Amino acid sequence: MFAGEHRAVHLTTYPWVENVKLLDRYTNRKPANGTLYLTATHLIYVDASAEVRKETWILHHHIASVEKLPLTTSGCPLLIRCKNFRVAHLVIGHERDCHEVYTSLLKLSQPVKPEELYAFSYNPKMPKDSREIGWKLIDLKVDYQRMGIPNDFWEITDANKDYEVCNTYPPEVVVPKAANKATVLGSAKFRSRGRIPVLSYLYKENNAAICRCSQPLSGFSARCLEDEQMLQAIRQANPGSPFMYVVDTRPKLNAMANRAAGKGYENEDNYDNIHFKFIGIENIHVMRSSLQKLLEVCETKSPSMSDFLTGLENSGWLRHIKAVMDAGVFLAKAVKEEKASVLVHCSDGWDRTAQVCSLASLLLDPFYRTFKGLMVLIEKEWIVMGHKFSHRCGHLDGDLKEVSPVFTQFTECVWQLMQQFPCAFEFNERFLLEIHDHVYSCQFGNFLGSCYREREALKIFEKTHSLWPFLLQKKQEFRNPLYKGFTVYKELKPNTLPFSFQFWCGMYNRFDKGMHPKQCVLDHLLNCMSQKMKLEDNATDLENKLPFLDNPLPNEVCSLSKIVNASVESSKTPMLNTPQDYEREPPALLTNGAIVEEVDIIPDQDQKNKENFANHHDLPDLNSTMEVIESDAKKEKPQHQ
Amino acid sequence: MEECLNIASSIEALSTLDSVTLMYPFFYRPMFEVVEDGWHSFLPEREFELLSSVTNEWRLSYVNKEFSVCPSYPPAVTVPKSIDDEALRRVATFRHGGRFPVLSYYHKKNGMVMMRSSQPLTGTNGRRCKEDSALINATLRAGKRGYIIDTRSLNVAQQARAKGGGFEQEVQYPQWRRIHKSVERYNILQESLIKLVEACNDQSHNMDRWLSKLEASNWLTHVKEILTAACLAGQCIDREGASVLVHGTEGTDSTLQITSLAQIILDPRCRTIRGFEALVEREWLQAGHPFRLRCAQSAYSNSKQKWESPVFFLFLDCVWQILRQFPCSFEFNEHFLIMLFEHAYASQFGTFLGNNESERCKLKLSQKTMSLWSWVNQPEELRKFKNPLFEANSLVIWPSVAPQSLQLWEGVFLRWNRSSKFLDEAYEEMNNIIEYNKELQAKVNALRRQLAELETDDGMQENS
């Protein structure tokens, strides 16, 4: 029935409505007319007025709100806002139909029990063992090994194996060797929710470390010997520096207010050689309302330039993005240039702390700018360390005050860096958008629940699929053709003056295609890359067919062929580990071979499940992109007034 | 200290020379061999030849040969065939500065045209001119209406009557619909530029301050306004199938922004390097945009220059916005636009000197100075300005003018405020990828040819 059908959708048991209009909120184009279907998982709109059948799929989990607008002459309007910032404006002929759709969507978009989430029914028809292997794709131990851990100063401990220390931490964490069990347990009693200082990233070159925790339960004067020992152990694990930073990512006022509740921040006098510093990143509530304001600006119909810029300013969104970026830059600088270790916390240490630590790692270590690296980073700093995806993304019907775009902000920071360093990332913008989509989609188990313990209880490893292998299969469309490889850029030092931050149209106005450049450089270059492979194959074929070359080819052709042969070999590596494969040395492998490892995890299912994975979303089909552009250019009306 | 002040005053004096003939272009001796003299690259006759190949409804008039009919027009202008020079003289007296309606662009696709002029001198008592309406009506198809796009608001246009200016009244021009699409002009644009540059130079880390300064500068508002008006003109021609007359007050500033941008949108030729140069020559230099007055000091100047205004700069910014939205449709790249921006303000070449053709003639620029085009059009210079992504696109390209689609032109405004190392590297990389593919393709073709030759050789041997 549907071109991209790959799920067992029981259409017959669900209603469909005909004569539904889909308004394009940006262009003045005539609205599409078509049929609306509701399935167990998706809302599907099939445009009947278009020459080519056009389907719009909206996952119920992506729906943030459904709103019935006042009746108009053309029908009953329904406004659907999605968590990935799509806004679908439907007009349904009959009031009764509209109400039915409305109530169904309300129910479908707000599951109450975790078992109702898509991930538990999603079945890509994949053999059981490849599903299991998929979950093993990311192994954090390998990443610690890459940092040289365990070593003389750091060890991986299973002190938390029964969640005795902290129920939102994973069973295994990295702590200083010098911190014994008593120190760990003592410190846990002095840290909010037992979230003790643990290692986030070790900068191997100078032993400076980034550690993370929650706020201390210091109140106005309380202190804790074990906690002080813990910090000392962290500082001493970096013999090169006489001091360490303790960074509280909250605004000072907020941190001070917390003291009244018996929480607070570290007193510099109680700890040996710490430099304490506030970095004012606002809390989840401020961020939520900031995004709200930003989206209002994005949704405004035909705003003036002044409306838009004033709205952008008033939303405060870019100010917050800059604050997160500034914090990340501060951390990276402390580690790289001052060779000092840093301990980071906010209140609970699972929102701002996750943002800042992961951003600093990304700035310091080129590995995190690869496909595999970003997955590891998200797994390590967000999923495993207990960022409450379930609450922040509103996966289940629950407290709206817990919802906040914390991960979205991290995603945007990565994007802002990609704008400043277009050759430093192995992946492109679409990879970020895809991850962002799936954080909300609940199609894969990775982001369900709010911490490791909960995910274990939900049996996600047994019952659901992991997102990561699925993404790796689509590597070709997510790669950045301009990526220069692993070794070219080491740490990134972004410019953080305000003008370096851009409004991310591709995220917040992603579905308003009329606003985007009509010709896409990325598509053009991706086409070049695939063309290159074909041409290289052609060239080798032809060369093999030519038995002898009596008359030498022109000079430049000869020299070229050498390069071609070299890169043909490298491009035969499975899973294409060498996106930067021409005229350059192969990428430096990590000491532990982390990159190589991913290679043959899913080779055989690659072919079989290709169609299963296709058509989840609105990414343009690469082959048809050029035609789309042309016809778009033709159809697109100028948008003025 | 005294030395420093001396140097400062010398720089001040040298950078604000009163006499044009003391400027660099008159002393510049080119270090390259001139293959093609740019002064003769874009003659009106050549342009007219191109036009004659598609229509015979127009003629080249030399009524302004001595610059006596209109001092800011070139000696040769294109007008409807049916209108004789005598009529043109009369129309000239009815239009501000003698700028009677002339052809700006012919849309091959449907034969519609865009003309430009200055405001009609109707004054308060509604003066009229038969020849004027006859001239513009001559461009209309039977039974068809045309559009007059006035770049002033209705209010401003009405006020202009008190000073002898005015606009076309419906009664006298029943076949025309007037649309007022206001575009800012003169010192308002200059102030906008000064504010924007100041904002970009602000090293403060305050995001709100930056955004509010960016907003207050209004620069992007102007960009949006101009693009919107250009889209409107383009739409009238391409969508409505109607002819268009564009004017403001003098017809030397906002008028030219609109007519030239509309051509970028409509005409693929204007998106090539050669075609864009021809456009700048035709619609800006020969059309009499007063470069000397408008581009004297740019954003930094001690004295308030009454006539200073970044009109041409805004045009280039708008072109950059379209280029950003259609990165594969232009033969030139951003560097080309930046180069033009620089030379419009300060140059060793004579091209942008003077306010119009008449002044350029008097200064004998074509004998005494070198043309910018002579230098730019050398193959090794051109290479820097070529867009690797270019694939000729014969379509009309409609830019989006939503605020989300328009950006600060970083390449110009942030050029001295941040390093562009990583962006340059990305550009280089993109170039490499595309070049490499081209080479590969050439190699495959060569191999194919060789194989084919071998096979025919074999065949011949077998046959013999």
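Nothing here was measured: the structure is a model prediction, and the numbers come from that model. Chain naming here is simple, since letters A, B, ... match the order of the sequence lines and numbering starts at 1 in each.
Both the backbone and the side chain of A/Glu313 come within contact range of chain B, with heavy atoms under 4.5 Å apart. Heavy-atom distances place no part of B/Arg209 under 4.5 Å from chain A, backbone and side chain included. Both the backbone and the side chain of A/Phe499 come within less than 4.5 Å of a heavy atom of chain B. Only the backbone of B/Ser204 has a heavy atom closer than 4.5 Å to any heavy atom of chain A. Contact of A/Gln419 with chain B is made through the backbone alone, with heavy-atom distances under 4.5 Å. Interface remark: A/Ser304 contributes backbone atoms only to the contact with chain B (heavy atom separation under 4.5 Å). B/Leu414 touches chain A through its side chain: at least one heavy atom from C-beta onward sits under 4.5 Å away, while N, CA, C and O do not. For A/Cys505, the part lying under 4.5 angstrom from a heavy atom of chain B is the side chain only. Of the two parts of A/Ser500, neither the backbone nor the side chain holds a non-hydrogen atom closer than 4.5 Å to a non-hydrogen atom of chain B. Within the 4.5 angstrom heavy-atom criterion, atoms from both the backbone and the side chain of B/Asn417 approach chain A.
Minimum interatomic distance between B/Leu423 and A/Pro422 (heavy atoms only, all atoms of both residues): CD2-CG, 3.8 Å. Between A/Lys518 and B/Trp398, the shortest heavy-atom distance links the atoms NZ-O, 4.0 Å. For the residue pair A/Ser306 and B/Thr221, the shortest heavy atom distance occurs at N-OG1, 4.3 Å. Of all heavy-atom pairs spanning A/Leu535 and B/Asn437, the tightest one is CD1-O, 3.8 Å. The minimum heavy-atom distance linking B/Ala402 with A/Met515 is given by the pair CB-CG, 4.1 Å.
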If you apply the rule side-chain contact (heavy atoms from CB on, under 4.5 Å), what do you find for A/Gln502 with B/Glu410, and how did you get there?
CA-CA 11 Å; A/Gln502 292 172 19; B/Glu410 292 179 44; 2.9 Å; yes
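Annotation: side chain of A/His524 is not in contact with side chain of B/Met430 (no heavy-atom distance under 4.5 Å).
Considering CD of A/Glu536 and OH of B/Tyr436, their distance stands at 4.5 Å, rounded to 0.5 Å.
Using a 4.0 Å cut-off between a side-chain N of Lys or Arg and a carboxylate O of Asp or Glu, B/Lys443 and A/Glu543 qualify as a salt bridge.
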